[in-house]
S.K.: 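Please find one structure pasted underneath; my questions will follow.
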Amino acid sequence: MTLNSDDFGIFGHYPFELPPLPYAYDALEPYIDEETMHFHHDKHFATYIKNLNDALEPYPFLHNVPLERILCSAKSLPEESRVKILNNAGGVYNHTLFFRGLAPASEPVHEPEGKLLEAIEGFFGSFEHFKEEFSDEAKDVFGSGWTVLVSDSESNLDIRNTANQDVLICEGLEPIILFDVWEHAYYLKYKNERADYIKNLWNIIRFK
């Protein structure tokens with residue numbers, strides 16, 4: 001994989017900027033509270049943006065490289081900054097998709113339809129069974145990480161867990177939905193009750 005490309009997609013390139021939420025901070029209540037959204041988006045997500053820019057700043061040859069290409073070109077990254085770049089690039093990638101993948105509960109976008117629904121039913125038996133399996137996987141993530149519904153190049157679906165800010169795109173897998181199960185995503189409201197947070201996320205996951 002080469003490090004030059006003009007395909008910046010939704011992520012942009014250095015210097016990365018914190019994207020605004022596509023809804024109001026209180027729009028996900030009562031499932032995610034306004035305080036958590038400010039804390040998660042304005043503090044945690046913003047820190048990944050800042051740290052990634054700081055890590056990339058000394059390397060002009062990386063300034064016009066899309067985020068996904070950075071993530072999938074680990075061997076081409078400066079060895080002394082490789083871990084910092086990858087960790088923070090993963091944080092930017094995952095959080096961008098997570099916040100874009102949520103919608104106020106009042107919007108009619110929280111159940112799959114069409115080809116996605118057909119695929120879910122084909123691989124998991126039913127949407128309800130899929131939700132149960134996905135939720136169980138999310139509850140079982142040890143420590144901090146993500147649970148992701150992914151599709152491969154042949155449109156096969158799978159549920160995968162990742163640790164910390166690891167990503168799956170470099171395995172040729174396209175994320176469809178992501179659950180953030182880091183404690184900072186839910187602790188202010190749910191404390192240690194991750195299962196309740198996971199159950200309530202289904203009310204605000206965007207499938208369209």
Side-chain angles (χ1 to χ4, degrees), residues 1-25 28 32 35-103 138 141-153 160-188 206:
M1 176 176 290
T2 62
L3 280 175
N4 278 323
S5 174
D6 293 326
D7 180 16
F8 301 127
I10 65 172
F11 303 101
H13 61 88
Y14 175 90
F16 293 92
E17 297 181 358
L18 180 67
L21 286 173
Y23 35 75
Y25 284 92
L28 305 181
I32 298 181
E35 183 181 13
T36 293
M37 292 304 293
H38 277 288
F39 185 68
H40 194 178
H41 179 272
D42 299 355
K43 302 297 184 181
H44 284 277
F45 189 10
T47 297
Y48 284 113
I49 296 279
K50 180 184 183 302
N51 288 345
L52 178 59
N53 285 333
D54 289 347
L56 293 175
E57 191 276 333
Y59 308 106
F61 77 97
L62 293 174
H63 289 182
N64 290 318
V65 179
L67 184 69
E68 292 165 298
R69 200 164 293 272
I70 289 174
L71 283 164
C72 297
S73 302
K75 292 182 180 180
S76 299
L77 300 176
E79 184 176 358
E80 67 276 12
S81 300
R82 184 176 298 154
V83 172
K84 183 177 181 180
I85 291 172
L86 291 174
N87 285 345
N88 287 288
V92 173
Y93 177 88
N94 286 329
H95 282 91
T96 298
L97 295 182
F98 177 69
F99 287 119
R100 288 170 62 97
L102 302 177
V141 172
F142 182 78
S144 300
W146 300 77
T147 300
V148 191
L149 174 66
V150 294
S151 174
D152 67 15
S153 60
R160 296 279 297 273
N161 287 336
T162 65
N164 301 314
Q165 296 299 346
D166 292 349
V167 300
L168 296 167
I169 53 167
C170 305
E171 299 178 31
L173 300 174
E174 178 184 357
I176 299 173
I177 63 170
L178 299 87
F179 276 25
D180 186 344
V181 291
W182 282 65
E183 283 190 344
H184 66 242
Y186 62 87
Y187 200 82
L188 292 180
R206 178 185 295 275

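By convention here, the first residue in the shown sequence is residue 1.
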S.K.: Of all the heavy-atom pairs spanning L86 and A74, show the shortest one and how long it is.
M.R.: CD1-CB, 3.8 Å
S.K.: After noting the C-alpha distance and the side-chain angles of I169 and C72, does the key distance pass the side chain to side chain contact (heavy atoms under 4.5 Å, CB included) rule?
M.R.: CA-CA 8 Å; I169 53 167; C72 297; 4.0 Å; yes
S.K.: Do T147 and N161 have a side chain donor and acceptor closer than 3.5 Å?
M.R.: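 Yes.
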S.K.: Does any donor atom in the side chain of S81 or Y59 lie under 3.5 Å from an acceptor atom in the other side chain?
M.R.: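 Y59 and S81 do have a side-chain donor-acceptor pair below 3.5 Å.
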S.K.: Does the side chain of R160 reach to within under 4.5 Å of the side chain of E171, using non-hydrogen atoms?
M.R.: yes
S.K.: Taking all atoms of both residues into account, what is the closest heavy-atom pair of A185 and T36, and its distance?
M.R.: O-CG2, 3.5 Å
S.K.: So, N87 versus Y48: side-chain donor-acceptor pair below 3.5 Å or not?
M.R.: no
S.K.: If we only count heavy atoms from C-beta on, is the E17 to I49 side-chain gap below 4.5 Å?
M.R.: no
S.K.: Taking all non-hydrogen atoms of both residues into account, name the closest pair between R206 and L102 and its distance.
M.R.: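 Taking R206 first and L102 second, the nearest heavy atoms are NE-O, 3.7 Å.
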S.K.: Would you sort out whether V148 and F179 count as a side chain to side chain contact (heavy atoms under 4.5 Å, CB included), showing the intermediate values?
M.R.: CA-CA 6 Å; V148 191; F179 276 25; over 6 Å; no
S.K.: Would you call L62 and P78 a side-chain contact if the rule is heavy atoms closer than 4.5 Å?
M.R.: yes
S.K.: Which is it for L188 and F39 under the side chain to side chain contact (heavy atoms under 4.5 Å, CB included) test, yes or no, and what are the steps along the way?
M.R.: CA-CA 9 Å; L188 292 180; F39 185 68; 4.2 Å; yes
S.K.: Measuring only between side-chain heavy atoms, which start at C-beta, is P19 closer than 4.5 Å to F45?
M.R.: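 Side chain of P19 against side chain of F45, heavy atoms only: contact under 4.5 Å found.
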S.K.: Are H95 and H41 close enough that a side-chain donor and a side-chain acceptor fall under 3.5 Å?
M.R.: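 The criterion, which ignores hydrogens and geometry beyond distance, is not satisfied for H41 and H95.
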S.K.: So, do W146 and D180 sit near enough that their side-chain heavy atoms are less than 4.5 Å apart?
M.R.: yes
S.K.: Considering only heavy atoms from C-beta outward, does the side chain of R100 approach that of I10 to under 4.5 Å?
M.R.: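 Yes - at least one pair of side-chain heavy atoms lies under 4.5 Å apart.
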S.K.: For the residue pair P175 and L168, establish whether any side-chain heavy-atom pair is separated by less than 4.5 Å.
M.R.: no
S.K.: Minimum heavy-atom separation for A89 and L71, please, with both atom names.
M.R.: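 Residues A89 and L71, closest heavy atoms: CB-CD2, 3.6 Å.
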S.K.: Can you confirm whether L67 sits close enough to H13 that some side-chain heavy atom of one is under 4.5 Å from a side-chain heavy atom of the other?
M.R.: no
S.K.: Is it the case that N94 and Q165 place a side-chain donor and acceptor less than 3.5 Å from each other?
M.R.: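 Yes, Q165 and N94 have a side-chain donor paired with an acceptor closer than 3.5 Å.
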S.K.: For the pair Y25 and D42, evaluate side chain to side chain contact (heavy atoms under 4.5 Å, CB included) and give the outcome as yes or no after the intermediate values.
M.R.: CA-CA 10 Å; Y25 284 92; D42 299 355; 2.7 Å; yes
S.K.: What about H40 and F98, are their ring centers closer than 6.0 Å?
M.R.: yes
